[in-house]
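Worksheet for the structure shown next.
Predicted model only: the values in this text are computed from it and were never measured. Numbers restart at 1 for each chain; the letters A, B, ... are given by sequence-line order, proteins then strands.
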Number of protein chains: 2
Amino acid sequence: MTSVAKLTDHTGYWMRMVSNAVSQEFSRKVSCEDVTVAEWSFMRSLYDLEPTPPSILAERMTMTKGAISKLAERLMAKGLVAKAQSREDRRAHNLSLTTKGRAKIPVLASLADQNDADFFGVLTKEEHETLDHILRVLTERRDLKATPVD
Amino acid sequence: MTSVAKLTDHTGYWMRMVSNAVSQEFSRKVSCEDVTVAEWSFMRSLYDLEPTPPSILAERMTMTKGAISKLAERLMAKGLVAKAQSREDRRAHNLSLTTKGRAKIPVLASLADQNDADFFGVLTKEEHETLDHILRVLTERRDLKATPVD
DNA sequence: AACTCCTTGTTGACTAGGAAACTAAATCGA
DNA sequence: TCGATTTAGTTTCCTAGTCAACAAGGAGTT
């Protein structure tokens with residue numbers, strides 16, 4: 001075949017299609033809790049790490065420091081996250097969830113569970129396991145911490 | 001387990017991780033041709049359809065009319081796409097690739113092939129086929145033309 | 001101490017896209 | 001044929017991110 005490949009000939013195309021759909025639907029779900037997908041991700045990461053500086057969070061979420069800074073600001077405005085000055089280092093800050101923020105975590109987590117079930121529930125158990133396995137393989141082989149240049 | 005699900009417990013999370021990495025790497029590749037991923041997608045769609053109005057392209061690419069309008073403008077500025085007034089309908093336009101634009105298609109397609117190979121080449125043939133199959137299933141069951149609300 | 005270099009976090013300029021308002025033209029119905 | 005509705009495309013405003021410049025503080029060296 002000398003002909004030019006179609007968009008749909010590439011696995012990456014379908015990947016993006018599905019990934020976008022999953023995120024879009026999840027976005028719709030969490031919007032009821034007045035939260036975005038990025039905000040959920042931020043809060044869930046923080047839940048494991050708090051209190052933690054923005055820099056660590058940026059690394060974990062593979063976003064730039066700038067993005068984290070703005071994301072944190074939005075979450076503080078919503079009263080879900082709090083920022084405290086570090087004592088040892090006067091440049092540094094520590095982020096934590098507020099009580100209100102922490103209370104949201106189980107609710108959002110359950111929406112995430114549901115979203116995954118909604119989407120991947122159509123697969124057989126075996127298919128689902130295979131998919132997870134493949135995604136792991138791809139992530140590991142590529143060393144996907146992803147690549148925020150910052 | 002009464003505990004709260006981790007981000008990494010969800011297939012959607014890994015999906016987005018891999019999808020982003022694929023797109024990011026592809027973006028890097030096509031940037032050498034001074035083109036973005038969206039622009040490639042636009043041009044490749046147009047290649048099959050030209051001459052075609054923006055509205056059809058919006059549908060195919062599942063983007064809003066506004067986004068297409070701007071994308072077309074950028075591509076015209078680069079001399080890769082041309083716009084002609086329709087004769088039958090004075091509101092409508094037809095988009096086509098320019099000679100220069102058409103000449104880029106095989107080059108970009110080959111970069112897309114390469115990107116897919118780079119990423120999914122680590123999979124066994126069977127794994128790759130299974131992945132494609134699963135993505136198809138997910139797309140079809142969900143009727144993923146995606147959902148540009150516009 | 002003073003100088004240099006590194007690190008932390010914020011900011012501003014820029015980009016891409018969505019939502020909705022808008023303009024112009026076509027179509028439909030009386 | 002004229003008004004109402006629909007359709008095609010553009011434009012404006014908004015959000016969310018990157019990138020690069022920056023200020024301020026820490027760390028190491030002499």
* **4.5 Å side-chain heavy-atom contact, Arg44(A) and Leu108(A)** => no

* Would you say dT15(D) has OP1 or OP2 under 4.0 Å from some side-chain N or O of Thr36(A)? -> no

* To do: Give the rounded distance in Å between these two atoms: NZ of Lys65(A) and C1' of dG12(C).
  => 15 Å

* Checking side chain to side chain contact (heavy atoms under 4.5 Å, CB included) for the pair Leu97(B)/Leu80(B): CA distance, chi angles, key distance, verdict? -> CA-CA 6 Å; Leu97(B) 292 165; Leu80(B) 300 172; 5.7 Å; no

* Asked: Within the pair Ser55(B) and dT7(D), is there a side-chain N or O less than 4.0 Å away from OP1 or OP2?
  -> no

* Asked: Bend angle of the helix from dA1(C)-dT30(D) to dA30(C)-dT1(D) from five-pair axes at both ends, rounded to 10°?
  -> 0°

* To do: Check every strand shown and say whether Ser86(B) touches a base, only sugar-phosphate, or nothing at a heavy-atom separation below 4.0 Å.
  => nothing

* In whole Å, what is the span from the NE2 atom of His93(A) to the C1' atom of dT11(C)? -> 14 Å

* What is the distance, rounded to the nearest whole Å, between atom CZ of Arg16(A) and atom P of dG17(C)? -> 10 Å

* Please figure out whether Ala38(A) or Glu73(B) has its closest DNA chain D nucleotide nearer the 5' end. => Glu73(B)

* Please report, rounded to the nearest Å, how far the P atom of dA26(C) is from the CD atom of Gln85(B). => 9 Å

* Between dG17(D), dT10(C), dA16(C), which nucleotide has the shortest distance from any of its atoms to the side chain of Ser69(A)? -> dT10(C)

* Does the side chain to side chain contact (heavy atoms under 4.5 Å, CB included) test come out yes or no for Tyr13(A) and Asp116(B), once each step is laid out? -> CA-CA 9 Å; Tyr13(A) 173 87; Asp116(B) 233 51; over 6 Å; no

* Asked: Is the shortest side-chain N/O distance from Arg91(B) to OP1 or OP2 of dC22(C) below 4.0 Å?
  -> no

* To do: In whole angstrom, give the distance that lies between atom CG of Asp34(B) and atom P of dT15(C).
  => 13 Å

* Would you say a side-chain N or O of Thr64(A) is under 4.0 Å from OP1 or OP2 of dC19(D)? -> no

* Whole-Å gap separating P (dA27(D)) and CZ (Arg90(A)) -> 12 Å

* Asked: Judged by modelled atom types alone, do Ser86(B) and Asn94(B) share a side-chain donor-acceptor pair under 3.5 Å?
  -> no

* To do: State plainly whether the residues Arg28(B) and Glu25(B) are in salt-bridge range, i.e. N to O under 4.0 Å.
  => yes

* Asked: Going by atom types alone, do His10(A) and Asn115(B) pair a side-chain donor with an acceptor below 3.5 Å?
  -> no

* Atom NZ of Lys83(B) to atom P of dA8(D): distance rounded to whole Å? -> 15 Å

* **First of Ala72(A) and Leu71(B) reached from the 5' end of DNA chain C, by closest nucleotide** => Ala72(A)

* Spell out yes or no: do the side chain of Lys70(B) and the base of dT12(D) have one donor N/O and one acceptor N/O closer than 3.5 Å? => yes

* Asked: How are the rings of Phe120(A) and His128(A) set relative to one another: parallel (under 30°), tilted (30 to 60°) or perpendicular (over 60°)?
  -> tilted

* Rounded to the Å, how far apart are Arg87(B) CZ and dA25(C) P? -> 18 Å

